[in-house]
Amino acid sequence: MSVTEQHKQNAMAFYDLMFNQNRPAEAIARYVGNTYTQHNPHVGDGTDAFIAYFKRMAREYPGKRVAFKRAIAEGDLVVLHCFQHWSGDHDHAGIDIYRFDDGRIVEHRDVLQIIPEHAANDNTMF
């Protein structure tokens, strides 16, 4: 398996473990490097803030789920195009960008958009 393919697999495994399985501390221990730079303005920087945020999400949105629609890797970057179901709230389309260093995730960026009930076209967001 190529390095970029391994990065894709690790990014999806990381996301599944922290989001679907509600085990953010284990996700950090398995897949994240010595530093974790966060660019999402709703999550603090570093691993402790990440763990606290996803523990809170698990309480506030029990049953939340992510499904991967696309995974693209180039060099040290992985982009995941995801469907997110947030129980009791809107569903979302998201793009997550992870940067790897020495095989470990060290940086995260994302954009998230509510999936509307009606669209101006017949195309889906996926």
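Just so you know, these numbers use all the heavy atoms, side chains as well, and skip hydrogens, waters and symmetry mates.
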Linked, directly or transitively: Phe54 and Val106 (ILVMFWY side chains, under 4.5 Å): no
Over all atoms of both residues, closest heavy-atom pair of His7 and Gly75: ND1-O, 3.6 Å
Heavy-atom donor-acceptor pair, Thr4 side chain to Glu74 backbone, under 3.5 Å: no
His92 side, atom NE2; Ile114 side, atom CD1 - distance, nearest 0.5 Å: 4.5 Å
Residue pairs passing the ring-ring contact (aromatic ring centres under 6.0 Å, His included) test where at least one lies in residues 103-126, sequence neighbours excluded: His81-Phe126, Phe83-Phe126, Tyr98-His108
Under 3.5 Å: donor-acceptor pair, side chain of Asp45, backbone of Gln38: yes
CG (Asn121) with more than 12 external heavy atoms under 6.0 Å: yes
Side-chain (Asn40) to main-chain (Asp110) donor-acceptor, under 3.5 angstrom: no
Parallel, tilted or perpendicular: rings of Tyr36 and Phe14 (30°, 60°): tilted
Residue pair Asn22 / Ala58: nearest heavy atoms and the distance that separates them: OD1-CB, 3.4 Å
N/O donor-acceptor pair under 3.5 Å between Lys64 side chain and Met57 backbone: no
Straight-line distance of Ile28 CD1 to Arg30 CZ, nearest 0.5 Å: 13.0 Å
Rounded distance [0.5 Å steps], CD in Gln84 versus CG in Asp96: 6.5 Å
Nearest-0.5 Å distance, OH of residue Tyr61 to CZ of residue Arg56: 8.0 Å
Heavy-atom closest pair, residues Met18 and Ala27: CB-CB, 3.8 Å
Non-hydrogen atoms of Gln21 and Asp16 that approach each other most closely: NE2-OD2, 2.5 Å
Approximate separation, where rounding is to 0.5 Å, of Leu77 CG and Arg99 CZ: 8.0 Å
Residue pair Cys82 / Val66: nearest heavy atoms and the distance that separates them: CB-CG2, 3.6 Å
Joint hydrophobic cluster, Ile95 plus Ile115, side-chain heavy atoms closer than 4.5 Å: no
Hydrophobic cluster identity match, Ile97 and Val111, side-chain contacts under 4.5 Å: yes
From Leu112 atom CG to His90 atom NE2, the distance as rounded to the nearest 0.5 Å: 12.0 Å
Same apolar cluster (I L V M F W Y, side chains within < 4.5 Å links), Met12/Val79: no
Non-hydrogen atoms of Ala93 and Met125 that approach each other most closely: CB-CE, 3.7 Å
